[in-house]
K.L.:
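Please see the structure below; I have some questions.
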Amino acid sequence: MPSALITGANRGLGLEFATQYLADGWQVYAACRDPNSASELRRLTDTSGHKVRILALDVTDLASVKAAAAELDGQAIDLLLNNAGVMGARGQTIGNIDYEAWAKVLDVNTMGPMRVSEAFVDHVARSERKLIVTLTSGMGSLADNTSGGWIAYRSSKAAVNMVMRSLAIDLAPRGITCVVVNPGWVRTDMGGPHATLTTAESVTTLRRLIETLGAAQSGKFFNYDGCEYTW
């Protein structure tokens with residue numbers, strides 16, 4: 001049975017990933033900050049009655065990340081999906097930057113995936129697929145930034161792109177593939193009600209892409225539809 005660890009699995013894209021992978025017979029480790037409040041996640045059960053396994057994990061808290069990794073000590077994780085992320089405060093422009101809030105966005109979006117990848121690298125290395133996929137954003141593309149704004153969010157995603165590009169090189173000797181993917185503009189709390197994709201549409205398409213990923217794709221940046229995205 002293939003296995004997936006999904007961060008930020010209590011809502012939005014993370015919840016949809018957990019739902020779909022569980023339905024397809026995967027062992028799903030669903031990580032979120034507060035399992036007690038993750039009511040939708042706790043209700044997830046596949047057709048055979050197998051429930052998702054929920055882990056308490058705060059990507060900004062190294063002790064929390066290490067504790068979750070220890071809880072799965074010895075387990076293999078085919079797919080580590082770094083999904084947890086935040087947009088940060090709105091309306092920040094030059095002359096009105098909240099640097100403390102910016103640091104929090106970087107902590108979640110950039111250092112969070114690094115903490116999780118580092119803590120679970122041995123779990124991934126012992127699996128068959130050996131795959132680390134990190135959800136980034138088209139807003140983290142330097143070439144695609146033609147509208148400005150969203151400095152905290154854009155910089156955090158551009159930075160995590162570089163983190164994962166480096167990990168792709170550093171982890172290649174262990175056979176681990178690292179890829180960043182843009183999920184598209186999705187109707188979530190983050191994407192808002194006017195976005196063009198539902199969570200089911202985005203995740204279904206992303207899963208088709210993920211199935212094709214291997215060493216030849218490591219270190220690349222893909223759009224959800226499988227096309228390479230400009231850095």
K.L.:
Within the side chain of Arg129, is there an N or O that forms a donor-acceptor pair under 3.5 Å with the backbone of Leu213?
P.N.:
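Present.
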K.L.:
Short question: side chain of Thr177, backbone of Leu131 - any donor-acceptor pair under 3.5 Å?
P.N.:
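Checking the backbone N and O of Leu131 against the side chain of Thr177, no donor-acceptor pair under 3.5 Å is found.
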K.L.:
Can you establish whether the number of heavy atoms outside Glu128 located under 6.0 Å from its atom CD is more than 12?
P.N.:
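Count not over threshold, so no.
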K.L.:
Is there a path of hydrophobic side-chain contacts, each under 4.5 Å between heavy atoms of I/L/V/M/F/W/Y residues, joining Leu80 to Ile6?
P.N.:
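No: no chain of side-chain contacts under 4.5 Å links Ile6 to Leu80.
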K.L.:
Report yes or no: do Arg115 and Ser64 form a side-chain donor-acceptor pair below 3.5 Å?
P.N.:
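There is no such pair between these side chains.
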K.L.:
Examine distances only and state if a side-chain atom of Thr204 and a backbone atom of Glu201 form a donor-acceptor pair shorter than 3.5 Å.
P.N.:
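No: the side chain of Thr204 does not pair with the backbone of Glu201.
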K.L.:
Look at the side chain of Ser166 and the backbone N and O of Val163, then say whether any donor-acceptor pair between them is shorter than 3.5 Å.
P.N.:
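Side chain of Ser166 to backbone of Val163: no pair is present.
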K.L.:
Can a donor-acceptor pair be found, under 3.5 Å and without considering hydrogens, that links the side chain of Thr205 to the backbone of Tyr224?
P.N.:
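Answer holds: no.
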K.L.:
How long is the span from the CE atom in Met162 to the CZ atom in Phe221, to the nearest 0.5 Å?
P.N.:
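So the CE of Met162 and the CZ of Phe221 are separated by 12.5 Å.
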K.L.:
When you check the gap from the basic side-chain N to the acidic O, do Glu118 and Lys66 get nearer than 4.0 Å?
P.N.:
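Here Glu118 does not pair with Lys66 in a salt bridge, since their nearest N and O are not under 4.0 Å apart.
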K.L.:
Within the distance-only criterion (no hydrogens, no angle test), does the side chain of Asp24 pair as donor or acceptor with the backbone N or O of Trp26 below 3.5 angstrom?
P.N.:
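No.
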K.L.:
Under the criterion side chain to side chain contact (heavy atoms under 4.5 Å, CB included), which of Asn109, Val108, Thr110 is the partner of Leu106?
P.N.:
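Answer after filtering Asn109, Val108, Thr110: Thr110.
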K.L.:
So, does Arg53 use its side chain to make a donor-acceptor pair with the main chain of Tyr29 at under 3.5 Å?
P.N.:
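No; zero donor-acceptor contacts below 3.5 Å.
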K.L.:
Indicate if Met164 and Leu171 have the same hydrophobic cluster label, given that clusters are the connected sets of ILVMFWY residues with side-chain heavy-atom separations under 4.5 angstrom.
P.N.:
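Yes, Met164 and Leu171 fall within the same hydrophobic cluster.
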K.L.:
Keeping the roles fixed (side chain from Thr7, backbone from Ala84), state whether a donor-acceptor pair exists under 3.5 Å.
P.N.:
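A pair under 3.5 Å: yes.
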K.L.:
Got more than 12 heavy atoms from elsewhere within 6.0 Å of CZ, Arg207?
P.N.:
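Counting neighbours around CZ of Arg207, more than 12 heavy atoms of other residues, nucleotides or ligands fall under 6.0 Å, so yes.
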K.L.:
State the CG-CG distance between Leu57 and Leu5, to the nearest 0.5 angstrom.
P.N.:
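Atom-to-atom, Leu57:CG and Leu5:CG are 7.0 Å apart.
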K.L.:
Taking the side chain from Ser127 and the backbone from Leu79, do they hold a donor-acceptor pair closer than 3.5 Å?
P.N.:
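Absent.
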K.L.:
Rounded at 0.5 Å granularity, tell me how far CZ in Arg33 sits from CG in Asp61.
P.N.:
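Here the interatomic distance stands at 11.0 Å.
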K.L.:
Short question: side chain of Arg154, backbone of Gly148 - any donor-acceptor pair under 3.5 Å?
P.N.:
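Indeed, once roles are kept as given, a pair shorter than 3.5 Å links the two residues.
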